[in-house]
Student: 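Below is one structure. I have some questions about it.
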Amino acid sequence: MFLAAEEAAKSTSNINTFDWFMLAFTILILIGFVRLLKARPKKNVFAIGFTTIALLLFLYIDYIMIFKIWMA
């Protein structure tokens with residue numbers, strides 16, 4: 001009986017508080033990326049490139065976090 005409770009306590013959740021911050025930062029970067037693309041009349045190409053790389057990196061990290069850690 002105690003072993004079953006101990007196993008249940010171990011496998012309750014793989015989600016950390018930091019994971020929610022990572023998802024929030026990804027959403028903020030996505031909002032910034034969309035706003036940079038909608039900018040008129042002149043677009044900042046360096047900022048668009050930097051944001052694209054950051055967004056791709058965060059999306060990759062989120063993919064690993066969700067499919068490899070949360071659902072493991």
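Remember, predicted model here, so these are calculated numbers, not experimental data. We count residues from 1, following the sequence as given.
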Student: Mind listing the side-chain donor-acceptor pairs of residues 27-37 below 3.5 Å, one per line with the distance, residues two or more places apart or on another chain?
Tutor:
none

Student: Taking only residues two or more places apart in sequence or in another chain, which ones pass side-chain contact (heavy atoms from CB on, under 4.5 Å) with F67?
Tutor: Y63, M71

Student: Check the orientation of F25 and F58. Use parallel for under 30°, tilted for 30 to 60°, and perpendicular for over 60°.
Tutor: perpendicular

Student: Given the rule that I, L, V, M, F, W and Y join up when any side-chain heavy atoms are under 4.5 Å apart, are L57 and I53 in one cluster?
Tutor: no

Student: Count I, L, V, M, F, W, Y as connected when their side-chain heavy atoms are under 4.5 Å apart, and connections chain through other members. Are W70 and I61 then in the same cluster?
Tutor: yes

Student: What pairs meet the side chain to side chain donor-acceptor pair (under 3.5 Å) rule with one or both residues in residues 40-50, with sequence neighbours excluded?
Tutor: none

Student: Apply side chain to side chain donor-acceptor pair (under 3.5 Å) to N16 and list each qualifying residue two or more places apart in sequence or on a separate chain.
Tutor: none

Student: Just to verify, what does T51 make a side chain to side chain donor-acceptor pair (under 3.5 Å) with, not counting sequence neighbours?
Tutor: none

Student: Please list, chain by chain and in numerical order, all residues satisfying side-chain contact (heavy atoms from CB on, under 4.5 Å) with I64, sequence neighbours excluded.
Tutor: Y60, K68

Student: Which pairs with one or both residues in residues 23-33 pass side chain to side chain donor-acceptor pair (under 3.5 Å), sequence neighbours excluded?
Tutor: T26-D62

Student: Check the pair M65, I15 against side-chain contact (heavy atoms from CB on, under 4.5 Å), reporting the backbone distance first and the verdict last.
Tutor: CA-CA 9 Å; M65 179 178 66; I15 301 173; over 6 Å; no

Student: Can you hop from L55 to F50 via hydrophobic side chains spaced under 4.5 Å?
Tutor: no

Student: Quick check for you: to the nearest 0.5 Å, what is the distance between D19 atom CG and I66 atom CD1?
Tutor: 9.0 Å

